[in-house]
Engineer: 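Here you go, one structure.
Quick note: numbers below take in every heavy atom, side chains included, and nothing from hydrogens, waters or symmetry partners.
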Amino acid sequence: FGARAAGLLSALSCEVKIAAEQETRQKLLLRLFEARKQGTPLSLDHLAEAYETAVPFGKADPQEFEREFQKFVAQKKSAAGQISLGGFLGFLQNAPAGTAEEGADELAEDLRRLLALPLVPLNRGPYERGSAAWSIDRAEQLAREIENHPQCLLFHLPVEVEDREASHPNASRRILYLWRNRAHYPARV
């Protein structure tokens, strides 16, 4: 329905931006795990501030995130107001206090393995900048690259690996669906 209302290119752009933001936020979570394990003390307020500073809504950029996070950690190194990594995970997931701590290392390892999987060989930058940068040719190239590299992920997200248990198909499948049914949607941006 969104593609019918907003147009094919806007819908495709939205799928990419949402998945890119999820991926970047996941990378941030891993960086927070790693920083805490290396003894970087950050309070919950500082973690939330780093999160929002590094990944403002709709502007997911992994390189900018890494620069901002490094800068932020350097500025905030202090022992005051430490929280446990599990406490932060519990805060993010609304989990009972001890539950999150137990799974933190396992989750971090899962994220590391996920980040090691190959991505579709495509410069995602132009796709992530918003629908104004999209064209039918660019959309076709994206769909073609996804189809030509079925062994690769479009995004480092668990749902890209396996989405049978998910409530919605992964971004790759949604993009291909929109593209394959493009005759039903206006192409406007």
Engineer: Which heavy atom in H149 sits nearest to a heavy atom in P121, and how many Å separate them?
Structural biologist: NE2-CG, 3.4 Å

Engineer: My understanding is that only residues two or more places apart in sequence, or in another chain, count here; which of them pass side-chain hydrogen bond (donor to acceptor under 3.5 Å, both in side chains) with N181?
Structural biologist: none

Engineer: Check A20 against E128 and note the closest heavy-atom contact, atom names and distance.
Structural biologist: CB-OE2, 3.6 Å

Engineer: Let me confirm one number: the CD-CG distance from Q26 to L111, rounded to the nearest 0.5 Å.
Structural biologist: 5.0 Å

Engineer: Heavy-atom distance under 4.5 Å between the side chains of K17 and S131, does that happen here?
Structural biologist: no

Engineer: Could you tell me whether the side chain of R112 reaches within less than 4.5 Å of the side chain of L115, counting heavy atoms only?
Structural biologist: no

Engineer: Can you give me the closest heavy-atom contact between H156 and E23, atom names plus distance?
Structural biologist: N-OE2, 2.6 Å

Engineer: Looking at side-chain heavy atoms only, is the closest gap between L154 and L142 below 4.5 Å?
Structural biologist: yes

Engineer: Do V16 and F155 make a side-chain contact, defined as non-hydrogen atoms from C-beta onward lying under 4.5 Å apart?
Structural biologist: yes

Engineer: With sequence neighbours left out, what residues match Q151 under side-chain hydrogen bond (donor to acceptor under 3.5 Å, both in side chains)?
Structural biologist: none

Engineer: Do the side chain of E160 and the main chain of S172 share a donor and acceptor less than 3.5 angstrom apart?
Structural biologist: yes

Engineer: Verify the cluster assignment for Y127 and I136: are they in a single hydrophobic cluster under the rule of side-chain heavy atoms below 4.5 Å apart?
Structural biologist: yes

Engineer: Does Q141 reach the side chain of L122, with side-chain heavy atoms less than 4.5 Å apart?
Structural biologist: yes

Engineer: Go through L176 and R173 one step at a time and tell me if the side chain to side chain contact (heavy atoms under 4.5 Å, CB included) criterion holds.
Structural biologist: CA-CA 5 Å; L176 289 175; R173 287 186 31 199; 5.8 Å; no

Engineer: In sequence, state the C-alpha distance, the side-chain angles, and the governing distance for L107 and L30, and then conclude on side chain to side chain contact (heavy atoms under 4.5 Å, CB included).
Structural biologist: CA-CA 9 Å; L107 180 57; L30 179 58; over 6 Å; no

Engineer: How long is the gap from CZ on R124 to CZ on R129, to the nearest 0.5 Å?
Structural biologist: 12.0 Å

Engineer: Nearest 0.5 Å, please: how far is CG in N170 from CZ in R164?
Structural biologist: 12.0 Å

Engineer: Is L119 isolated, or which residues cluster with it under the ILVMFWY side-chain rule of less than 4.5 Å, directly or via members?
Structural biologist: L114, L117, L153, V161

Engineer: Would E140 and D137 satisfy side chain to side chain contact (heavy atoms under 4.5 Å, CB included), going step by step from the backbone distance to the final call?
Structural biologist: CA-CA 5 Å; E140 180 180 24; D137 289 342; 4.3 Å; yes

Engineer: Can you tell me if CD on E162 sees more than 12 non-hydrogen neighbours from other groups inside 6.0 Å?
Structural biologist: yes

Engineer: Is a donor on one side and an acceptor on the other found under 3.5 Å between the side chain of S13 and the backbone of L9?
Structural biologist: no

Engineer: What is the distance from atom CG of L178 to atom NE2 of H184, rounded to the nearest 0.5 Å?
Structural biologist: 11.5 Å

Engineer: Under a 4.0 Å threshold between the charged nitrogen and the carboxylate oxygen, would E21 count as salt-bridged to R25?
Structural biologist: yes

Engineer: Please lay out, stage by stage, how L8 and W179 fare under the test side chain to side chain contact (heavy atoms under 4.5 Å, CB included).
Structural biologist: CA-CA 8 Å; L8 174 67; W179 179 251; 4.3 Å; yes

